[in-house]
Amino acid sequence: MSVRHSRRYRALLAVLTLACLGGAGYLAYATFFAPASAEKRFQAADDAYARGLQAYEQKNWAEAATRFDEANLHASNAGKALDEQVKENKLPAADAQGLQGRIMWVKARAIRDHAYAQGQADGKPLPDVPDPQYGASYRAFTTIPNPEAQKEALTALRIASARLPSDPDVNREALRFELIQTPIQWRAAEPLLRRALEINKEDARANYYLARYEYEQPADEQGTPSPLAARSADRMEKALELLAAAKRSKPPAPYWRTVGLEADVLDWPLRTAAARKLKPAAVAAAEKPLDQLLFDPQAGAVAALGQPDKLAGLGGADALGLVSVLTTAYERAAADARRQPGGSVDRLKLVARAARDLATGMAASDALRGHLAQVAPALVQITAGAQPYLAKADPGAWREHVAAVDAVLAASPDAVGRNPKVRLALARIATAGAAADPAQAKDLTARALKELEDGLKAATDAKSPPAVTDEFHVELAERKLRAGARAEQLEPHLAALRASPQPRAKLVGQVFDAVVAERQGRLDRARKLLQAAATDRANPDVAFQANVLLANVSAAAGDWPAALGSLKEVDARYKSADLPESARAWADERLAGPAGVAAMLVEANLN
C-alpha cells in the first residue's frame, strides 16, 4: 500500500488543507472586512491628501478634487474608528487627542482644497486670500461656497487647533479664520494668540492682536469692548509693550495697524480724563506723546498718509488703523482750533487735506478701492467737523474740498449706503454750505433734507438702535422747525423723541415741543417744558438752547426777572470755548448774537 493512499497521509492532507483555507480566510478578512485601526485610516487620509496636493500643483484639477474627496472620506472613517477604540479602552486618552487633532487637520484641509480644486475644474475658481502680515496668499476656509461644507471644515479646524496646540501650521490657519470675525471672538482667538507666542515670541501678528485685546479689554463672551472709562490703565501699558514687540518683529507688523492702535492707546487717557478726574498736568503729559506720534513733521502718522509705499498690501486691520489715525488726529486738531485764547486751525487744515488726498488716491487705485468703504466715512465726519472753522478761513478752497469729497463718495456708494451716520454728516455739510453760499442755499438745503430722510429710512430698515435713529429725528425736527413746518409734519419726529430711551434725545424733543407750543401761543406750556430742560446739568448745550428760548418766552410774557435769570446763563455760556457751533448758531438766530443778549440784559435789568 503506497503512502499516498494511506489513511495517515489523507488525514494529514486534510489538516493542511483546512489550515491553508483558514489562513487564506483570515488574510481575506483582515484585508477586506476587519476594521482598520484609526491610525491606519488616518495614514490613508494623509496619503490621499498628499496625492491631492501633488495633482493640485500640477493643475490636474479633476484628479485633485477626487483625491481630496478620498482624503475626507478616509478622515471621517478614521474619526469613527478612533471613537470605537476609545470606547473599548484600546487607546490612551492622550494618544487619542493627538490622533484626533491630526485626523481633523487633514479633514479640514481636504474639504477646503476639494472646494478649490472643484471650482477650478468647473471653471469657477475660488480666489486665494492675501495675507498682508507675511506677504503671501492662502486658500481660505471662508471661501468654501457650500455652507454645510464650510461649517464642517471650520469645526474640524477648531478641533485640530485645540488638540494640536504646538503645531505652527494649524495655529496659523486657525488664527487666519478667527481674526477676521466681526467682532473678534476673543474667547477663541486669545488662547490661539498666546500659543502663537509660545511657538514664536516674535510673532508680529500675535503681538499686535494681543495688544488690541489688552486695549479693548472685552467685557463679554461676544467680544464687546469694555466702556473706555472701565478699562485698566495697567492693561493699556501692556498693550504698548506688545505693540513695541510687534514693531520689532522680523518681519514687523504692518505700519498702519500698529500706529493706529498706538494712537488709540495713547488717546485713552485724554478720552477718559474727565471720568478718571485727571489733573491738568496729567492731561498735558498725555497729550505730548500722542501729538508726537501724529504730527511730527518727518515721522508722524499724518505725514505718512501721503506716502504711497506705506499703503502697499493694505489689509483689513490696516484700514482700521488708518481710520484710527484720521479720527484721532482730527480730534486733536479740533481741540487746537477750539482752544481759547490762541486757537489755531493749522492742524485741522492738515488733517482735512490728508484725509481727502488719501481717499482720493484710494478711489483711483484698483488695489486700494476695496478699503474706501472704511476710510470714506471718516473723511465725511472730518469734513463735517472741520467745516465751521475752515469754510470761514478760505471759502473757495473749502468748496473745492467738498467737491473732492463728493467725488470720493461717488466712487464708493457703499460708504454711504452701509452707514446711515455718513448721511447725517453729509446733511450737516450741506446745511453749513447753504448758510455760507446764498446762491446755492436752496439746492443745498434740499440736499440736506434728502440725506436726512434717506438716512433715517436706512437706519430704520437696518433696525439701528435709538442712539442712531434719534439723531436723524433731532436733525429733521430742527430743520423743519426752521422752515416753519406745520405741527403735524413735525409730530412723527417729536413723538419718536418723546418715546426715546435716550435721556438726551428726550430732552431735545422737550425743547422742540416748547418751540411748537410757543408758536401756538401756549406760552405757559412752553415755559413749563423749558424750565425743566434749562436746569439739566448733564446736557449743558441743550440747557443753553432751552435758556435761549426761555429768555424770549419769559420776555414775551412780561416776566423779566425770569428772563434775566436765563439771559445770565446764556451770556456766561456764550463765552465758553467748548460751546458747540450748532448751539451757538441756535442762539445767534434767536437772540441776534452776544450783542443781542447784551441789549436784552439791559432791558431786563431796567424792568
Whether [Y] and [X] form a salt bridge (side-chain N of Lys/Arg under 4.0 Å from carboxylate O of Asp/Glu) is what I want to check.
X      : Y      : answer
Glu451 : Lys421 : no
Arg504 : Asp541 : yes
Asp454 : Lys450 : yes
Lys457 : Asp461 : yes
Lys568 : Asp571 : no
Arg369 : Asp366 : yes
Lys480 : Glu491 : no

Would you name the heavy atoms of [X] and [Y] that are closest together and state the gap between them?
X      : Y      : value
Ala517 : Arg525 : CB-CG, 3.8 Å
Tyr209 : Ala317 : OH-CB, 3.5 Å
Ala459 : Val468 : CB-CG1, 4.1 Å
Thr535 : Gln531 : OG1-O, 3.5 Å
Asp536 : Ala543 : O-CB, 3.5 Å
Leu372 : Ala359 : CD1-O, 3.6 Å

Are the side chains of [Y] and [X] in contact, using a 4.5 Å heavy-atom criterion?
X      : Y      : result
Gln387 : Thr383 : no
Trp256 : Leu311 : yes
Asn605 : Trp560 : no
Leu456 : Leu452 : no
Leu326 : Leu305 : yes
Val508 : Asn539 : no
Ser554 : Asn552 : no
Met236 : Gln217 : yes

Measure from NZ or CZ of [X] to the centre of the six-membered ring of [Y] and say whether it is under 6.0 Å with the direction within 45° of the ring axis.
X      : Y      : value
Arg332 : Phe295 : no
Arg212 : Trp186 : no
Arg231 : Tyr215 : yes

Is the backbone of [Y] close enough, under 3.5 Å, to the side chain of [X] for a donor and an acceptor to pair up by distance?
X      : Y      : value
Asp220 : Gly223 : yes
Thr328 : Val325 : no
Gln545 : Ala583 : no
Arg584 : Tyr574 : yes
Trp268 : Leu228 : yes
Glu214 : Ala211 : no
His371 : Leu314 : yes
Gln185 : Pro183 : yes
Asp406 : Ala403 : no
Thr327 : Val323 : yes

Will you find, in the side chains of [X] and [Y], an N or O donor that is under 3.5 Å from an N or O acceptor?
X      : Y      : result
Arg276 : Thr272 : yes
Asp470 : Ser500 : yes
Asn547 : Ser566 : yes
Arg522 : Gln520 : yes

Partner set under side chain to side chain donor-acceptor pair (under 3.5 Å) for Ser324, not counting sequence neighbours: Asp264
Please lay out, stage by stage, how Asp559 and Arg527 fare under the test salt bridge (charged side-chain N to carboxylate O under 4.0 Å, His left out). CA-CA 11 Å; Asp559 188 350; Arg527 291 176 70 185; 2.4 Å; yes
Let me see the working for Arg573 and Glu569 under salt bridge (charged side-chain N to carboxylate O under 4.0 Å, His left out), right down to the final yes or no. CA-CA 6 Å; Arg573 190 85 172 92; Glu569 291 285 339; over 6 Å; no
Let's go through Arg479 and Thr431 carefully: what are the C-alpha distance in whole Å and the side-chain angles of both, what is the deciding distance for side-chain hydrogen bond (donor to acceptor under 3.5 Å, both in side chains) to 0.1 Å, and is it a yes or a no? CA-CA 9 Å; Arg479 278 162 176 73; Thr431 299; 2.6 Å; yes
For Tyr330 and Leu348, run side-chain contact (heavy atoms from CB on, under 4.5 Å): C-alpha distance rounded to whole Å, both residues' side-chain angles, the deciding distance at 0.1 Å, then the answer. CA-CA 7 Å; Tyr330 163 71; Leu348 205 52; 3.7 Å; yes
